[in-house]
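As structure tokens, the structure follows; a few thoughts come after it.
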Amino acid sequence: MFVALMFILSNINKIEVAEEVIEEISEPKYEYGILVDSFKVTKGTVKQDQTLGEILYANHIDHPQIAEVVKKSKGIFDVRRVNTGKEYTIICKKDSTEKACYFIYQDDPTNYVVMDFTNEIDVYRGKKKVITKVNIAYGEINSSLWIAIEEQKLSPKIAAELSTIYAWTIDFFKIQKGDGFKVYYENKYIDGDYIGIGRILASEFTHNGQKFYAFYYKENENYGEYFDQNGKTLRKAFLKAPVDYKRISSKYNRRRKHPVTGRWKGHFGTDYAADRGTPIWTTANGTIVAASYTKNNGNYVKVRHNGTYTTQYLHMSKIKPGIKKGVYVKQGDIIGYVGSTGLATGPHVCYRFWKNGKQVDPYRQDLPPGDPIKKENKEEYMIAKDSLMQILLNKEE
Ligand SMILES: [Zn+2]
């Protein structure tokens, strides 16, 4: 027994030795596309108020070379934009000088700038490879979608994305016990480190015993959107709000006291409070019919969408240059920026909505849907949808 154990132990040792040998003939090691086998690699973080010049000087780059770096960086990298907390890498020769051969500044998890001191100074940008892996997650909801996502230790971004995808389909305040979700989505990695979720590719949301599907499909090179199992869009012809707002400060109300004049008068718009300068979007495709200033409205834009609907956006700090009468805009295009011009107490957008010439509350309208999948794309969409559906259905409950 003892002998047998000794034999096993000595074999373990042999295996370990064998592994070490394999490591000696390991593959060449690269960082930021630079072969670093014969170099010393040091990582650092930009300290409070530290400048690029200080970091380079500390790594034995002299002042004339720093001046050269500033010159060569023009149009590639703003050397004043070296921010506290950002990571950098110094690559230098394994000798006593410790003079940097390369300095790499990591702009964000993907983008970096290389300053090469090996020959004539060279400055260039690079991108780390992002690896995307797909994953499927599912959960049953007991109280809210956010809590269910948290219980599964999933990114809260999934909850935010799902609530955007289903904004017109499901009222997330009416979620009940027994509702649930399955979601097929991307996870992104750089150098093996998780950096966040990518896109949701498909999802099934069970609400009130009914299943609601969403499949991502790109009809256009630049952007895609979500369609249901029949190719109908999950989007309405109008966005829910014209701005990424903090809160709705006043709703459509036939009778309210005006905050500035104190007079009782109907408020026929919806007020969205947001920071000054926040972009304002047109909520649907249409043609600008007014982009102007009045004492009460301040800077405002009015968009006619079709024979039935018109929208208006008031109190802008600035109308976006180029937005003027006759210009065609698409849903989500920026038309101006949040402000408090005209009769307004604080920065907000007053959003007004006309149906057949009458101001109405957009939240009480049964708004028309956005366009379904185009005829010429329908067949391709159905094939893509079928394979995504299969992935969702294969997931065991
Ligand atoms: Zn208002």
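Indexing begins at 1, ligand by ligand and atom by atom, following the structure's order. Everything numeric in this text was worked out from a predicted model, so none of it was measured.
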Distance filter < 2.8 Å from the Zn ion (ligand 1), protein N/O/S hits 3
| field | Residue pair Ser155 / Tyr185, side-chain donor-acceptor N/O under 3.5 Å | value | no
Would you say Lys177 and Asn142 are linked by a side-chain donor-acceptor pair, where the criterion is simply a distance under 3.5 Å?
yes
Consider only side-chain N and O atoms of Asn59 and Glu98, and report whether a donor and an acceptor are under 3.5 Å apart. no
Distance-only donor-acceptor check, side chains Asp95 and Thr97, under 3.5 Å: yes
The ring pair (Phe, Tyr, Trp, His ring centres under 6.0 Å) partner of Phe205 among Tyr138, Phe212, Tyr166, Tyr213 is Tyr166
ask   = When the ring centroid of Tyr300 is compared with that of Tyr293, is the distance short of 6.0 Å?
value = no
